[in-house]
**Student:** 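Sharing a structure with you now.
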Amino acid sequence: MNMIQAINSAMDVMLTRDPNVLIFGEDVGYFGGVFRATEGLQKKHGVTRCFDTPIGEGGIVAVAIGMGAYGLRPVVEIQFADYIYPAFDQLVSEAARLRYRSAGDFTAPMTVRTPYGGGIFGGQTHSQSPEAIFTHVSGLKTVIPATPYDAKGLLIAAIEDNDPVIFLEPKRIYNGPFDGHHDRPVQPWSKHPASDVPDGYYTVPLGKAAVVREGADLTVLAYGTMVHVALASAEDAQIDAEVIDLRTLLPLDIDTITKSVEKTGRCVIVHEATRTSGFGAELSALVQENCFHHLEAPIERVTGWDTPYPHAFEWDYFPGPKRVVEAMRRAMET
Amino acid sequence: MNMIQAINSAMDVMLTRDPNVLIFGEDVGYFGGVFRATEGLQKKHGVTRCFDTPIGEGGIVAVAIGMGAYGLRPVVEIQFADYIYPAFDQLVSEAARLRYRSAGDFTAPMTVRTPYGGGIFGGQTHSQSPEAIFTHVSGLKTVIPATPYDAKGLLIAAIEDNDPVIFLEPKRIYNGPFDGHHDRPVQPWSKHPASDVPDGYYTVPLGKAAVVREGADLTVLAYGTMVHVALASAEDAQIDAEVIDLRTLLPLDIDTITKSVEKTGRCVIVHEATRTSGFGAELSALVQENCFHHLEAPIERVTGWDTPYPHAFEWDYFPGPKRVVEAMRRAMET
Amino acid sequence: MKNRKPLSLRIPEPEARPGDRPDFSGMQVPEAGIVRRPDPDAPDHEIRDLAYSLIRVLDDNGQAVGPWNPRLDPETLRRGLRVMMLTRAYDDRMYRAQRQGKTSFYMKCTGEEACSIAAAFALDRDDMCFPSYRQQGILIARDYPLVTMMCQVYSNECDPLKGRQLPIMYSSKKDSFFTISGNLGTQFPQAVGWAMASAYKGDDRIAASWIGDGTTAEGDFHQALNFASVYRAPVILNVVNNQWAISSFQGIAGGEETTFASRAIGYGLPGLRVDGNDFLAVYAATEWAATRARDNQGATLIELYTYRVEGHSTSDDPSRYRPSDEGKAWPLGDPIDRLKTHLIALGEWSEERHEQTQKDVVEQVRAANKEAESHGVLGGDKKPSVKTMFEDVYEEMPWHLRRQRQQLGV
Amino acid sequence: MKNRKPLSLRIPEPEARPGDRPDFSGMQVPEAGIVRRPDPDAPDHEIRDLAYSLIRVLDDNGQAVGPWNPRLDPETLRRGLRVMMLTRAYDDRMYRAQRQGKTSFYMKCTGEEACSIAAAFALDRDDMCFPSYRQQGILIARDYPLVTMMCQVYSNECDPLKGRQLPIMYSSKKDSFFTISGNLGTQFPQAVGWAMASAYKGDDRIAASWIGDGTTAEGDFHQALNFASVYRAPVILNVVNNQWAISSFQGIAGGEETTFASRAIGYGLPGLRVDGNDFLAVYAATEWAATRARDNQGATLIELYTYRVEGHSTSDDPSRYRPSDEGKAWPLGDPIDRLKTHLIALGEWSEERHEQTQKDVVEQVRAANKEAESHGVLGGDKKPSVKTMFEDVYEEMPWHLRRQRQQLGV
Ligand SMILES: Cc1ncc(C[n+]2csc(CCOP(=O)(O)OP(=O)(O)O)c2C)c(N)n1
Ligand SMILES: Cc1ncc(C[n+]2csc(CCOP(=O)(O)OP(=O)(O)O)c2C)c(N)n1
Ligand SMILES: [Mg+2]
Ligand SMILES: [Mg+2]
């Protein structure tokens, strides 16, 4: 399966297993979503289980919260992460707070799926990576898959989780593990082992990172599309880098990170989001707090620039292998 | 003047100097604002220059953007920073983006004033510190004063600035420089030199930090209420700490920070906001990127816990002198 | 050169400010009983007039008149009266407690008791309520223990919310009372979602929500009405128009141009405008909307026309922005007085019984408060264990919160 | 045990899906000319009926009839026709350019040309427009250079927006055309703010904004109407109801329960429902609202009833969710054909002149495109300098952006 099919399969499985799961969002019903993630689900499970909503992200999330309070497990789609902001208050002040403020009396067991990231010439309002702001909100979990296998397993885990989960989908790798070499043809997922996705139910636990490449000299922390960029960069740079796919940003798998950096003594953090106050800042802070005495070089951050995502300059903006390799080299030099 | 009077004076001065300045928000008109920041301004300058709005933060900011596009310099008040989220989309997708997406054709020269922070038993929806998320949004400037003098000078600079400015007011120190010793009486501002505020026009430039205490052994980075907590902590700990009041979070005064940490080799960052992905993370990342080879101890972060602000546990939550002193000691030990 | 006249910006102003004599001359108060009562399944476009009238049952002599008279038995009326009196006594006591420094904050619903209590009476106990901070009457109507409410207000060791919430932000799932939010209006579309869930499950419970006139300006108000309309959600959406939003009068929320009930029209929903100080009218309107919702006809918007007699909260001083005697001048009277007069007119009540009941409720509140205070007040040392501060952020505590709890050494 | 019947969740469905025959039988199309035209200063509560009717001027024989006939001179009509034809030719060319891989994305307004162009004709050139992405007709009506529009679409070296924006997100302050946002609806309350500023300054310019039927569901729609009502802002708020929001029909936005024009009623604003494919009706309604606004009577909500003939954008395939021949079945016809027929009926136009004009506009577009392409297309090397990517984030570039630019080595 490619990542879209894996995500579709996760929802199909959960719709089948749990009558309290239902899916709604803009264009997700009859049409099956602008990225086809819900294709066929309405036809198979019925209009009340997968349906279109008005274009009101705030309403979509609010309604999901109310349904969660009733006892359902809504899975909503925000068509692009760039359009999640109208729902920000309901996410931050409500979904994230219900359990705490009611001392467990009410909860919001909901999942918010949304495609994020650039590299598709979507311009500044179809390319953003807002993950950092959600990691700043206590009460929310933030999950980002990098492969079809993880996407399905993590999404099922998110749907079954009793806390609200922001599930960010790296749209650039829906169809193939794009590694940042935009001048080369992209491999389809079918050529990638992680596209071997079971049809049935399985989970990938939230809060656990994956070491996707073992290495001794340097640790690369990445998630989503950037995992593949990091892997390609390690090859390009011919550096024995350990690449960690975080998979869940919050709660973070700090042990896997610490273990690796204590071993390598060097760390490069890669994300597509704007640099200042991006999640890379938190990762950098945590690594230096936990591994200070093991660090042999400054922690490097390779990120999107602190500008909107400019339509004509995708590849100057996108933190591709060239920039990651440079950062790896800098980290190795010291 | 106390900080409220200084803020009031800044708006009074600008209303007098510039007919394009106008002020609006919830309860800011006849009543003068729930914290009295706009007291007397409607009476003095007229109802069309300082007026009440519907309780729609999204509308307030949107209307300010439209007015900015016309050529006015609106100054809006969001009653509590906790209530700025309904306006988040207009701030992030619009105010912050106008200049860039129109290549300078349209701009949003607006100021958003909002009281933030805890220590007043306001519970979780009157105590939040959301500054970090604004620093992640390219196109916004984020300013936080720590004294009446700076509050007036920075607010005037913000109003005159041609970019949108989020002006966060530490409500805990509106009336006096609370230093975190909640068991002791708070000094009124009148006893503090920075309460000596000129009646007329002056500015404190955006983007410049202030070294409010010189020291050789350790650098403390703080802003807002925490500046006074940091100063008290330095005294309590009897450590020769250099305390830097950032004043503007973005654009940040990196030179002042770097110079200090290169001198001291030790750094403690203090903020009231929740820890994970708070602005302290960015500061920590920047300090280790810029001063790695000067660092003699891990950079410490003393922050609010990653929970909502609990009503009954203000002083267990608030990062007061005790915790700051512990962090300073830890930093000195290594 | 065009010669067009200059535009000017209009800022709404209330009729009266401090120093002025209260002025409600602009307010039309139709006679009780004159508004028609269509069947609860009437098409919305045939009943738009109800959004511009004022449904009233109790006339000036305390008689219940007209088609909206719910014909409640005296026992129910007496219970309603008692709950309103108890709620007011509770408010008075808690207000004083705040003034005595026993807690940080309090909000009364004085003069608005019927808006929550009559509605609670018309709903079933298991209908889910999404209130604002001014519907404490619902909990009291549902016999939620006063002591527990007080413990929440005091954030003490028996506070079911473990000292986490601002006073009056109650929550009780077992009483179908949703956790109150400090963020205005968020509960309105959440109630719609709950109602959609109930419909989705083939349940028969409906939802109801309350917001204030000022809060109608939030985007969530629009989300609620639109989703309710599109999915025909079984929900009752109440706007408690008490004329004020802290210091700004309802005209700043758009109430000068038309009625809040009429907001329903643009969504194809029925809008009822109701005398919020008339227990019977509020009951009848709620019952009508509940019947409609249970019949799968969808949502109703109800504007409850009332007056906020006291300050917005203990942090507020209304004499700074409105005539202090405005409350006395309010044309729709007081909900307790009016129901009392009605019961007496029916021969089902007397001054003596009323006085006795007043004594009883005050005593009941006093006793409850004594017990509540024995569990501690804000700032005292009888409070939930600090440890709990780190709980319930997530179902399971992640490592970073565990580490932070250790740092605090609890 | 209660015995109440179970609730059920209702999900709106369109009349026809792929494979079905298009079905507009449910749609009422009143005769042209029958709707009354009140004075532009009529009180809103006396003209609520206009929100439920359909203002039409052009009848089936191309005659302009009824009180809304704006009585435009033939020259103006011919100009209007030409601008609509030019806009359609421009759309066709740019659509092809996207298909040819010369840009990433494009959006047509085919069938909706009158909604923007007739309105632009009725407004003054310096009235400020806050459009959505489907009102390119405004720029063309204001003689904005086609070449410059194309350069924006190609993100090339002459793109005034320096390659930063998605194609069609034009901006031109000097033409009173606000920078288009990718975020739906945000411009609606911004237009209100601009109008309030104009009123505040005693200016005489008004604002106008356009959003789609689907976008009315955003909270910003409510903010716009509420602020416009409260401050009586001189603004025209247009809802272009083209029946579809990508794949979801207008019923999902609430259009099945009532009209979008009727949303105005709950704010005490006039709501006009207008045949959006009737150039004269759109002109007349806009003129009416503009007169009202300039007279300090405040805002008007106009629902422009039309049909999105083409896909939502080049990324869309409408045959997946609606009958592909639905556009042909649309009862209100095509705005260009209808104005053409009218002009011919007036004896002011002919098939020959029409064909000639068609040739002219196609040629004009071809020539413009030739020039635009000479400045580069997306993906080519003729584009703005990469350096500029870091500019205009702030008025002055802060150190961190300067440092980032150095890192990129530009
Ligand atoms: C989103 C948000 N904005 C602002 C506030 C501050 N605030 C609290 S109550 C209030 C007034 C509400 O007035 P209304 O809706 O009429 O309710 P009432 O207090 O009259 O019952 C305001 C502005 C808030 N709590 N939440
Ligand atoms: C806030 C936001 N949510 C979602 C989208 C994605 N989106 C773009 S256009 C569109 C449909 C809009 O439909 P409508 O308002 O009817 O305008 P039309 O395209 O028909 O002119 C959607 C959902 C967006 N751009 N912004
Ligand atoms: Mg009110
Ligand atoms: Mg549409």
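Letters A, B, ... mirror the listed sequences (proteins, then strands); counts begin at 1.
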**Student:** Taking atom CG of D306(A) and atom CG of L250(B), what is their separation to the nearest 0.5 Å?
**Tutor:**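 Between D306(A) CG and L250(B) CG, I get 7.5 Å after rounding to 0.5 Å.
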
**Student:** Looking only at heavy atoms and a cut-off of under 4.5 Å, which of P86(A), A132(A), G139(A) has the most pairs with chain B?
**Tutor:**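 Among the listed options, the one with the most contacts to chain B is P86(A).
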
**Student:** If I take atom OH from residue Y100(B) and atom OG1 from residue T307(A), how far apart are they, to the nearest 0.5 angstrom?
**Tutor:**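 Y100(B) OH to T307(A) OG1: 4.0 Å, rounded to 0.5 Å.
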
**Student:** Give, for atom CG of D89(B) and atom CG of D82(A), the distance between the pair rounded to the nearest 0.5 Å.
**Tutor:**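 Those atoms lie 10.0 Å apart.
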
**Student:** Given T135(B) and S277(A), is the side-chain hydrogen bond (donor to acceptor under 3.5 Å, both in side chains) satisfied, shown in steps?
**Tutor:** CA-CA 6 Å; T135(B) 62; S277(A) 294; 2.7 Å; yes

**Student:** Of the backbone (N, CA, C, O) and the side chain (C-beta and beyond), which part of Y85(A) lies under 4.5 Å from a heavy atom of chain B, both, or neither?
**Tutor:**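 Both parts, heavy atoms under 4.5 Å.
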
**Student:** For K263(B), look at atom NZ and say whether over 12 heavy atoms of other residues, nucleotides or ligands are found less than 6.0 Å away.
**Tutor:**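 Yes, because the 6.0 Å sphere around NZ of K263(B) holds more than 12 heavy atoms from other groups.
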
**Student:** More than 12 heavy atoms of other residues, nucleotides or ligands under 6.0 Å from NZ of K208(B): yes or no?
**Tutor:**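 No, NZ of K208(B) has 12 or fewer neighbouring heavy atoms, counting only those of other groups under 6.0 Å.
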
**Student:** Which region of E131(B), side chain (C-beta onward) or backbone (N, CA, C, O), has a non-hydrogen atom less than 4.5 Å from a non-hydrogen atom of chain A, or is it both or neither?
**Tutor:**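 Interface part for E131(B): neither.
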
**Student:** For the pair E289(B) and R330(A), find out whether any cationic side-chain nitrogen is under 4.0 Å from an anionic carboxylate oxygen.
**Tutor:**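 No salt bridge links E289(B) with R330(A).
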
**Student:** Measuring from E282(A):CD to E282(B):CD, what's the distance to the nearest 0.5 Å?
**Tutor:**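 Going from CD on E282(A) over to CD on E282(B), the span is 11.0 Å.
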
**Student:** Sort H311(A) into side chain, backbone, both or neither according to what part of it lies under 4.5 angstrom from a heavy atom of chain B.
**Tutor:**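 Contact with chain B: none, neither part.
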
**Student:** Can you tell me which portion of S93(A) sits under 4.5 Å from chain B's heavy atoms? Options are side chain, backbone, both or neither.
**Tutor:**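 It is the side chain, since no backbone atom gets that close.
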
**Student:** Given side chains that start at C-beta, do those of F88(A) and I133(B) come closer than 4.5 Å, heavy atoms only?
**Tutor:**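 Yes - at least one pair of side-chain heavy atoms lies under 4.5 Å apart.
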
**Student:** Which answer fits A297(A), side chain, backbone, both or neither, if we ask what part of it has an atom under 4.5 Å from a heavy atom of chain B?
**Tutor:**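 Backbone only.
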
**Student:** Please classify the contact of I269(B) with chain A as side chain, backbone, both or neither, using a heavy-atom distance under 4.5 Å.
**Tutor:**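 Neither the backbone nor the side chain of I269(B) comes within 4.5 Å of chain A.
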
**Student:** Shorter than 4.5 Å, heavy atoms on both sides: which option in P298(B), G123(B), P130(B), P310(B) has the most such pairs with chain A?
**Tutor:**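 Greatest number of close heavy-atom pairs with chain A: P298(B).
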
**Student:** Just to verify, what does H136(A) make a ring-ring contact (aromatic ring centres under 6.0 Å, His included) with, not counting sequence neighbours?
**Tutor:**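 Result, ring-ring contact (aromatic ring centres under 6.0 Å, His included) vs H136(A): none returned.
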
**Student:** Measure Q128(A) against the heavy atoms of chain B and call it side chain, backbone, both or neither at under 4.5 Å.
**Tutor:**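 The side chain, not the backbone.
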
**Student:** Among Q124(A), R301(A), Q90(A), who wins on heavy-atom pairs under 4.5 Å with chain B?
**Tutor:**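 Among the listed options, the one with the most contacts to chain B is R301(A).
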
**Student:** Please flag which part of L286(A) lies under 4.5 Å from any non-hydrogen atom of chain B: side chain, backbone, both or neither.
**Tutor:**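 Contact with chain B: backbone and side chain both.
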
**Student:** For chain B, which candidate among I299(A), V92(A), N290(A) shows the most heavy-atom pairs at distances under 4.5 Å?
**Tutor:**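 Top option by heavy-atom pairs under 4.5 Å: I299(A).
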
**Student:** Using non-hydrogen atoms only, which part of L295(A) is less than 4.5 Å away from chain B: side chain, backbone, both, or neither?
**Tutor:**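 Its backbone and side chain both get close to chain B.
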
**Student:** Checking heavy atoms, do the side chain of T334(A), its backbone, both or neither come under 4.5 Å from chain B?
**Tutor:**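 The answer is the side chain of T334(A).
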
**Student:** When you compare the side chain of S138(B) with that of P308(A), does any pair of heavy atoms fall below 4.5 Å?
**Tutor:**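 Yes, at least one pair of side-chain atoms sits under 4.5 Å.
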
**Student:** Can any side-chain N or O of Q288(B) pair as donor or acceptor with the backbone N or O of A285(A) at less than 3.5 Å?
**Tutor:**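 No.
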
